Amino acid sequence: MSQSAEMPPQAPPETEPHLVDVIPHQAGHPVAPGNAPAPRGPGPAELAARALAAFTGRTLGRHQAAVMRIGFGLVWLAYLLREWPNRRVLYGDRSPWSMELAQRLLADNGAFTVLPWFGGRLWFELVYHLAVLAAVAVVLGWRTRASTVLFMVTVLSLQNRDVFLGDGGDNVVHLMAVYLVFTRCAEVWSLDAPPASGREVPPGRAGPGWGGVVLWAVLGAVLAACQLGDFSGESLTWTARTFPYVGWAPLFWGLWAVAGLWWALGRLRPDGEPRAVLDALANMVHNCAMLVIAAEVVLIYATAGWYKVQGSRWQDGTALYYPVHLDYFTPWPWLSGLVGSALVPVFLISYGTVIVQVAFPFTLLNRRVKNALLAVMMAEHLGIAVMLGLPVFSLAMIAADAVFLPTGALLWVGARVRRIRQGRPPAARGGPAADRVAE
């Protein structure tokens, strides 16, 4: 008898009877393995649980937040340095918009600014140069919880001193300065981030130092002096006349108290449940702030695009022709004349601008189309900065667009910059370095 006849018949592969056993079927109607339905995906409850876990347990978009922090810090810093010779005319004692007129307007709209507290040139110079230092600290990511608050205070103080100086770019910086306070924008690419990896130090490995306590105590003393002193006027009130009826005092004292509690729990009970709850709350606030920033950018483009659709100059494709022939928007007359004399490029750029702005909110449903359109819009902003002489507006919009940048591209750029700083040549695409970037 042959060897094959002596061996027992082999069973089918192990996966086939397993699938047949687990698939329910009616008696008398066996289900063939090839016709077995595909396993079902996660249900709505499981998806909701995963989303909640990511919302509370992860810092979403931390690289995008870091790019926005650096971008808006550089925009504000460049503006302050560019206008340094004209600072007294714009916001100081030589401004045509006098402090008396500014105080009348502030009494009506309730905007926040510290410039009227003392008045005079010395106080103005102190606030202006504090704004420069705060912008540098934000760019570097040094003591970011405190520096972002100082950044917000200085941005609001200077811009609300003379509201007639700003344009669209200043409005974007104004809003983002407030939003950055509520983000965890220093977890990567900052001096506050853990060394080498750029990730958070696991609880219990290393506690926070005492340097931040000194800064926290000094800022608390300054805030108390401003709160109790009569010079602050209506700026640090606990309630407001308009929605949400909360003044600036609860915000500043709340941020100060949370920073102290964060340090205490990180020093005394880094592995305890209160620190975990506080970390989850910080993640939720950060994620909500990033969502608000994304919605703000979408609204900017959507409203701009739909308003352009209603304009007759945008409808006939001649909208670009007029600004390039105004002296105010022609820093390079030869370039403006070259673009303005060609009717076809004027027509294509005018229509392309409307199409891109109207279509951008809908491209968020497709990642590849969104990334392509995002690159087009950033290139358009660079063109506006060069051709129309609006660098603050253009760079502010590019920094705001960073909220939609793909994480893979940011990791790739970060890895290349890190290798250049370390004096090593860039690795080939797809090599071991690419694997380390994806970590």
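Counting from 1, the numbers follow the sequence of the chain as shown. For clarity, every value in this text was computed on a predicted model and none was experimentally measured.
- Between Phe112 and Phe252, the ring center distance clears the sub-6.0 Å criterion.
- Under 3.5 Å, the side chains of Thr59 and Asn283 contain a donor-acceptor pair of N or O atoms.
- Atom CD of Gln103 has more than 12 heavy atoms from other residues, nucleotides or ligands within 6.0 Å.
- Taking the side chain as every heavy atom from C-beta outward, Ile293 and Met176 approach each other to under 4.5 Å.
- In this structure, the side chains of Leu90 and Asp162 stay at 4.5 Å or more apart for every pair of heavy atoms.
- In terms of heavy atoms, Leu60 sits closest to His286 at O-NE2, 2.7 Å.
- Counting all heavy atoms, side chain and backbone alike, Leu115 lies closest to Met99 at O-CE, 4.1 Å.
- In the model, Asp192 has no side-chain atom that pairs as donor or acceptor with a side-chain atom of Ser190 under 3.5 Å.
- A salt bridge is defined here as a Lys NZ or Arg NE, NH1 or NH2 lying under 4.0 Å from an Asp or Glu carboxylate O, and Arg104 with Glu100 fails to meet this definition.
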Give the C-alpha distance, both sets of side-chain angles, the deciding distance and a yes or no for ring pair (Phe, Tyr, Trp, His ring centres under 6.0 Å) between Phe360 and Phe404. CA-CA 11 Å; Phe360 178 72; Phe404 294 111; 5.4 Å; yes
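- Residues Leu320 and Met387 form a side-chain contact, since some pair of their non-hydrogen atoms from C-beta on lies under 4.5 Å apart.
- Counting only heavy atoms from C-beta outward, the side chains of Val138 and Phe72 never approach each other to under 4.5 Å.
- A cation-pi geometry, defined here as NZ or CZ lying under 6.0 Å from the six-membered ring centre and within 45° of its normal, does not hold between Arg145 and Trp263.
- Using modelled atom types and a 3.5 Å distance limit, the side chains of Arg58 and Asn287 yield no donor-acceptor pair.
- Between Trp76 and Tyr79, the angle of the ring planes stays under 30°, which puts this pair in the parallel group of the 30/60° scheme.
- Considering Arg62, His63, Gln64 as possible partners of Thr407, the one that fulfils the side-chain hydrogen bond (donor to acceptor under 3.5 Å, both in side chains) test is Gln64.
- Within the 4.5 Å cutoff, the side chain of Leu74 has no heavy atoms near those of the Leu395 side chain.
- Residue Asp108 qualifies as enclosed at atom CG: its count of foreign heavy atoms under 6.0 Å is above 12.
- Side-chain N/O atoms of Glu83 and Tyr91 include no donor and acceptor closer than 3.5 Å.
- Using cut-offs of 30° and 60° for the angle between ring planes, the His381 and Tyr301 rings count as tilted.
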